[in-house]
Trainee: 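So that we are looking at the same thing, I have put the structure below in structure tokens.
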2 protein chains.
Amino acid sequence: MTKLPDRNKIVAETIDDLRRIFQAVTDFSRQAERITGLTGSQLWAVKVIAESKSIKVSDLAKRMYLHPTTVVGILDRLEAQELVQRSRSKTDRRVVDVALTASGEKLVATSPDVAQGMLVTGLEKITDDKLVRIHEGMAEFVKILGMEEAPPRLILSNEVNIA
Amino acid sequence: MTKLPDRNKIVAETIDDLRRIFQAVTDFSRQAERITGLTGSQLWAVKVIAESKSIKVSDLAKRMYLHPTTVVGILDRLEAQELVQRSRSKTDRRVVDVALTASGEKLVATSPDVAQGMLVTGLEKITDDKLVRIHEGMAEFVKILGMEEAPPRLILSNEVNIA
DNA sequence: TAACAATAATTGGTGTTACAAATAAATTAG
DNA sequence: CTAATTTATTTGTAACACCAATTATTGTTA
């Protein structure tokens, strides 16, 4: 493989681009918080709950990569705002099923999907070949990171950090 | 511009790739936290302080996009661990200059730079043309997001969310 | 079946982050 | 020289994130 004269420069620029992307996502998510009035974690939980009609607390914690106790607190606050509803399962009375209320569903419908919104607003008016180039570059990047087979989980975490 | 037959599919895949990248970053940063024993915000602050020999609290807050009071708390805990040192400025006795201690410098030297680490581990053994493709795709993406002129700021925030 | 272990959600407690409001001290402006 | 501004801080509130311990239910096995 022929050595590029300025590989290091390209790597540095790529890192800068990655940081810019993170910044853009941060801005979009702050916007989402302002619009919905919910915190990032709360909005994240609502989105995950919306994925299925009903989900048990432990599964919700697993999907959010959070400790169950943390999820309980988030659910307490969401329930106080009447966005979600808890109910004991009939088949197994240990489990608690969490579902969205009518208000919760409405919020999901109107709350902005950050990643989606970023691309929809930005990519809609772009040419095909540019879109393809972006797609190829991203796919290659994911492959580098060894994340091809990782499930593209919904991300709204408070623990996403780049140094 | 000719309409691709499966534009929507490509957009969806690109979003999935973005999520995978976020997940990779999350994993890397957790690793960094485990290694250093610091929280994300603390590590972030240390990195920013390390950028210049000495920085005043208000500037640090601006660079971290945080409220000054939040930074004061973080500095309290870093100072308790003797990683940073506060001193009143001679020229303007209102300002407090924050600098790294010897231990702080050592920590910076050994703590992993997440974005850097991601690419160094992944991109080192990749071919030139793949690297170029990634770079082009990322640059195009940044342009789409309207972030070309945004400073690629160090990111270690607790509020990075994708829905 | 009865004792034991495992699971599910919760409570209580600790530490960190994040901000708003108010304060104290120093500098700058009029 | 007084008034306004700047700088960092304290105080208070809320959310997040986890650990340890608890209650209730289900499963296992002796």
Side-chain angles (χ1 to χ4, degrees), chain A residues 26 29-30 33-34 36-46 48-49 54-81 83-99 155-161, chain B residues 26 29-30 33-34 36-46 48-49 54-81 83-99 155-161:
Chain A
T26 304
S29 83
R30 274 196 219 283
E33 288 182 28
R34 237 184 12 255
T36 61
L38 297 182
T39 68
S41 298
Q42 289 169 5
L43 192 53
W44 182 20
V46 169
V48 173
I49 296 167
S54 162
I55 188 174
K56 46 192 264 193
V57 176
S58 50
D59 285 347
L60 180 58
K62 269 174 208 147
R63 289 227 197 153
M64 295 180 71
Y65 292 78
L66 290 177
H67 207 270
T69 55
T70 304
V71 173
V72 168
I74 293 170
L75 288 177
D76 287 344
R77 287 178 282 274
L78 287 177
E79 202 176 28
Q81 297 184 55
L83 293 171
V84 306
Q85 195 177 7
R86 280 191 257 215
S87 61
R88 286 227 105 89
S89 165
K90 287 293 178 192
T91 59
D92 186 338
R93 286 218 294 278
R94 290 171 300 180
V95 322
V96 168
D97 289 316
V98 182
I155 307 173
L156 250 162
S157 166
N158 286 2
E159 289 294 331
V160 177
N161 308 319
Chain B
T26 305
S29 81
R30 273 197 220 282
E33 289 182 29
R34 236 186 12 256
T36 62
L38 298 183
T39 68
S41 298
Q42 289 169 3
L43 192 54
W44 183 21
V46 169
V48 173
I49 296 167
S54 162
I55 188 173
K56 45 193 262 194
V57 177
S58 50
D59 285 347
L60 181 57
K62 269 175 208 147
R63 290 228 196 152
M64 294 180 72
Y65 293 79
L66 289 178
H67 208 270
T69 55
T70 304
V71 173
V72 167
I74 293 171
L75 288 177
D76 286 344
R77 286 177 282 276
L78 287 176
E79 202 176 27
Q81 298 184 55
L83 294 170
V84 305
Q85 193 177 9
R86 281 190 257 216
S87 60
R88 286 227 104 89
S89 166
K90 287 291 178 192
T91 60
D92 186 339
R93 287 219 293 278
R94 293 172 300 181
V95 324
V96 168
D97 289 317
V98 183
I155 306 171
L156 252 162
S157 164
N158 287 1
E159 290 294 330
V160 176
N161 308 320

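Residue numbers begin at 1 in each chain, while the letters A, B, ... track the order of the sequences.
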Trainee: Salt bridge or not between A:Lys90 and A:Asp97? Use side-chain N to carboxylate O under 4.0 Å.
Mentor: no
Trainee: Only counting residues at least two apart or in another chain, list the ones meeting side chain to side chain contact (heavy atoms under 4.5 Å, CB included) with B:Arg93.
Mentor: none
Trainee: Name the closest nucleotide to the A:Gln42 side chain, picking from C:dT17, C:dT11, D:dA15.
Mentor: D:dA15
Trainee: Below 3.5 Å is the cut-off: list the nitrogen or oxygen pairs between protein and nucleotides 25-30 of chain C, distance only.
Mentor:
unit_1	atom_1	unit_2	atom_2	d
C:dT27	OP1	B:Arg93	N	3.4

Trainee: Looking at B:Ser41, does any N or O in its side chain come under 4.0 Å of the phosphate oxygens OP1/OP2 on C:dT16?
Mentor: no
Trainee: Contact between B:Gln42 and B:Val84 at the side-chain level, heavy atoms closer than 4.5 Å - yes or no?
Mentor: no
Trainee: Do A:Thr36 and A:Val46 have side-chain heavy atoms sitting under 4.5 Å apart?
Mentor: no
Trainee: Going by number, which of residues 66-73 of chain A have a non-hydrogen atom under 4.0 Å from DNA chain D?
Mentor: A:Leu66, A:His67, A:Thr69, A:Thr70
Trainee: Tell me every residue that passes side chain to side chain contact (heavy atoms under 4.5 Å, CB included) with B:Gln85, counting only those two or more places apart in sequence or in another chain.
Mentor: B:Thr101
Trainee: Of all residues at least two apart in sequence or in a different chain, which pass the side chain to side chain contact (heavy atoms under 4.5 Å, CB included) check with A:Arg94?
Mentor: A:Asp92
Trainee: Scan B:Asp59, B:Val57, B:Leu78 and name whichever one has a side chain to side chain contact (heavy atoms under 4.5 Å, CB included) with B:Val98.
Mentor: B:Val57
Trainee: Please list, chain by chain and in numerical order, all residues satisfying side chain to side chain contact (heavy atoms under 4.5 Å, CB included) with B:Thr70, sequence neighbours excluded.
Mentor: B:Leu66, B:His67, B:Ile74
Trainee: Nearest whole angstrom, please: distance from the P of D:dA17 to the CG of A:Leu60.
Mentor: 12 Å
Trainee: Using whole Å, report how far CG of B:Leu75 lies from C1' of C:dT16.
Mentor: 14 Å
